[in-house]
Amino acid sequence: MAPKPTKAEKKIAYDAKLCKLLEEYTQILVVNADNVGSNQLQNIRRGLRGDSIVLMGKNTMMKRSVRMHAENTGNNVYLSLIPLLVGNVGLIFTKGDLKEVSEEVAKYKVGAPARVGLVAPIDVVVPPGNTGLDPSQTSFFQVLNIPTKINKGTVEIITPVELIKKGDKVGSSEAALLSKLGIRPFSYGLVVLSVYDNGSVFSPEVLDLTEDDLVEKFAVGVSMVTALSLAISYPTLAAAPLMFINAYKNVLAVAIETDYSFPEADKVKEYLKDPSKFAVAAVTAPAAGAGGAPAAAAAKEEEKKEEPAEESDDDMGFSLFD
């Protein structure tokens with residue numbers, strides 16, 4: 001029978017294992033392991049087998065091994081993991097897709113009863129309906145101010161009741177009632193707290209971003225840059241088209257107020273001299289777009305009647321920015 005390794009030997013073996021994983025993997029998930037049992041952890045290891053390795057251990061040992069690896073290799077990028085090793089945490093080293101691994105980890109959650117003194121991770125609501133309990137059990141409901149009635153010899157809850165609020169500690173009465181009702185309100189598993197990827201540390205929410213989300217955020221950023229550029233009159237690629245349009249509007253306004261002119265300004269001035277052309281253009285365009293040939297023809301006939309014979313129809317159909 002082989003002798004059991006000493007604590008010093010266990011530490012050396014753990015250091016060697018963690019340093020080897022740091023050399024082989026560049027992607028790490030930092031997970032919280034509160035209320036996760038050994039059997040559940042084994043199931044998670046089996047589910048991730050192939051491209052991921054789950055490593056648990058004391059925080060002091062993990063921090064020591066990370067520092068040792070940095071000293072031996074001169075690679076300090078993993079030192080950013082040390083501030084994350086707080087509480088009951090573990091490391092998942094992976095070469096797969098981070099989002100897929102995170103989703104796989106989330107599958108291994110198991111239901112758990114509400115134990116006395118446990119801090120509730122969610123709100124617990126007791127649904128209405130028949131409990132199957134005999135009338136002698138009504139004292140539990142009375143203590144918790146849960147409205148009930150006796151129906152066919154059993155206790156029935158009349159309305160849904162918020163029994164425990166998120167963040168509150170579970171009391172003995174609440175735990176006893178939930179146990180009698182067979183309700184296991186909580187579920188526990190490994191929860192991803194942080195993601196390490198090639199020297200960068202970020203929140204796991206980033207893994208849920210889609211391409212559409214990225215495009216939307218990029219568009220918001222471009223609009224902010226454009227607004228700032230226009231406000232301070234600083235040219236950027238995003239603001240350049242709007243700056244050209246605003247400059248054209250300014251030049252056009254000056255031309256209208258002065259004798260200076262250019263072809264586009266001449267058309268606008270012609271419109272301003274005879275506002276009736278605006279009405280003709282407004283009637284013609286919608287009618288033509290909607291397939292209204294008779295209306296368009298009528299508008300043209302009306303135009304011929306109102307305008308002198310020497311003017312051409314071509315002068316009537318241009319826009320302000322042709």
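Values below: all heavy atoms of this structure, side chains included; hydrogens, waters and symmetry mates excluded.
Judged purely by atom type and a 3.5 angstrom limit, T226 uses its side chain to pair as donor or acceptor with the backbone of V222. At least one donor-acceptor pair closer than 3.5 Å links the side chain of N72 to the backbone N or O of M68. The main-chain N or O of V30 is never found under 3.5 Å from a side-chain atom of S194 such that the two would form a donor-acceptor pair. With Q137 contributing its side chain and K180 its backbone, the two residues share no donor-acceptor pair below 3.5 Å. Side chain of N88 to main chain of N32: no donor-acceptor pair is present (N/O by atom type, distance under 3.5 Å, no hydrogens or angles).
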Item to check | Audit row: F141, L177, side chain to side chain contact (heavy atoms under 4.5 Å, CB included) steps and yes/no | outcome: CA-CA 8 Å; F141 300 95; L177 177 61; 3.7 Å; yes
Item to check | Step-by-step side chain to side chain contact (heavy atoms under 4.5 Å, CB included) determination, T94 to I28 | outcome: CA-CA 6 Å; T94 181; I28 304 172; over 6 Å; no
Next on the checklist: One pair to check against side chain to side chain contact (heavy atoms under 4.5 Å, CB included): F186 and L118. What are the steps and the verdict?
Outcome noted: CA-CA 10 Å; F186 306 142; L118 190 68; 3.8 Å; yes
Item to check | Full working for side chain to side chain contact (heavy atoms under 4.5 Å, CB included) between L163 and I146 | outcome: CA-CA 9 Å; L163 187 63; I146 298 177; 4.2 Å; yes
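Distance OG1/T138 to NZ/K149: 15.5 Å, rounded to 0.5 Å. Separating the NE2 atom in H69 from the OH atom in Y78 is a distance of 6.5 Å, to the nearest 0.5 Å. Atom CZ of F93 and atom CD of Q27 lie 12.0 Å apart (nearest 0.5 Å). Expressed to the nearest 0.5 Å, how far CD1 of I12 lies from CD of E9 amounts to 7.0 Å. To the nearest 0.5 Å, the span separating CG on L193 from CG on L84 amounts to 8.5 Å. To the nearest 0.5 Å, the span separating CG on D134 from CD1 on I150 amounts to 9.0 Å.
More than 12 heavy atoms of other residues, nucleotides or ligands shown are found within 6.0 angstrom of CD1 on I232. Enclosure of atom CZ in F262 by more than 12 non-hydrogen atoms of other residues, nucleotides or ligands within 6.0 angstrom is indicated. A 6.0 Å sphere centred on CD of E24 holds more than 12 heavy atoms belonging to other residues, nucleotides or ligands. Annotation: Y234, atom OH; neighbour count of heavy atoms from other residues, nucleotides and ligands within 6.0 Å does not exceed 12. Annotation: K11, atom NZ; neighbour count of heavy atoms from other residues, nucleotides and ligands within 6.0 Å does not exceed 12. Taking a 6.0 Å sphere around CD of E216, one finds it holds 12 or fewer heavy atoms contributed by other residues, nucleotides or ligands.
Clustering ILVMFWY residues whenever any of their side-chain heavy atoms sit less than 4.5 angstrom apart, transitively, puts V161 in the very cluster that holds I122. Placement of Y196 and L79 within a single hydrophobic cluster is found when ILVMFWY residues are connected by side-chain heavy-atom separations under 4.5 Å, directly or transitively. Y25 and L29 are members of different hydrophobic clusters when ILVMFWY side chains are connected at heavy-atom separations under 4.5 Å. Placement of I157 and I183 within a single hydrophobic cluster is found when ILVMFWY residues are connected by side-chain heavy-atom separations under 4.5 Å, directly or transitively. V31 and I53 are not part of a single hydrophobic cluster, where members link through side-chain heavy atoms under 4.5 Å apart.
Closest heavy-atom contact between V77 and G199: CB-CA, 4.4 Å. Considering every non-hydrogen atom in both P135 and G153, the closest pair reads CD-O, 3.3 Å. Of all heavy-atom pairs between T154 and N130, the closest is OG1-ND2, 2.8 Å. For the pair V119 and G167, the tightest heavy-atom approach, listed with the atom from each and the gap, is CG1-O, 3.6 Å. Residue G171 comes nearest to V116 through the heavy atom pair O-CG2, 4.2 Å, listed as atom of the first residue, atom of the second, then distance. Of all heavy-atom pairs between K63 and I82, the closest is CE-O, 3.6 Å.
Between L91 and L18, some side-chain heavy-atom pair lies under the 4.5 Å cut-off. Contact of the M62 side chain with the N59 side chain is registered, since non-hydrogen atoms from C-beta on lie closer than 4.5 Å. No side-chain heavy atom of V195 sits less than 4.5 Å from a side-chain heavy atom of V206. The shortest side-chain heavy-atom distance between L181 and L133 falls under the 4.5 Å cut-off. You'll find the side chain of R45 reaches within 4.5 Å of the side chain of M56, heavy atoms only. Within the 4.5 Å cutoff, the side chain of V170 has no heavy atoms near those of the R115 side chain. For the pair V110/N43, no side-chain contact is recorded, criterion being any heavy-atom separation below 4.5 Å from C-beta on.
A salt bridge links E104 with K107: at least one charged nitrogen is closer than 4.0 Å to a carboxylate oxygen.
Residues forming a side-chain contact (heavy atoms from CB on, under 4.5 Å) with V225 (at least two apart in sequence, or on another chain): S229, T236.
In summary, of the residues considered (P147, P127, P128), a side chain to side chain contact (heavy atoms under 4.5 Å, CB included) with T159 occurs for P147 alone.
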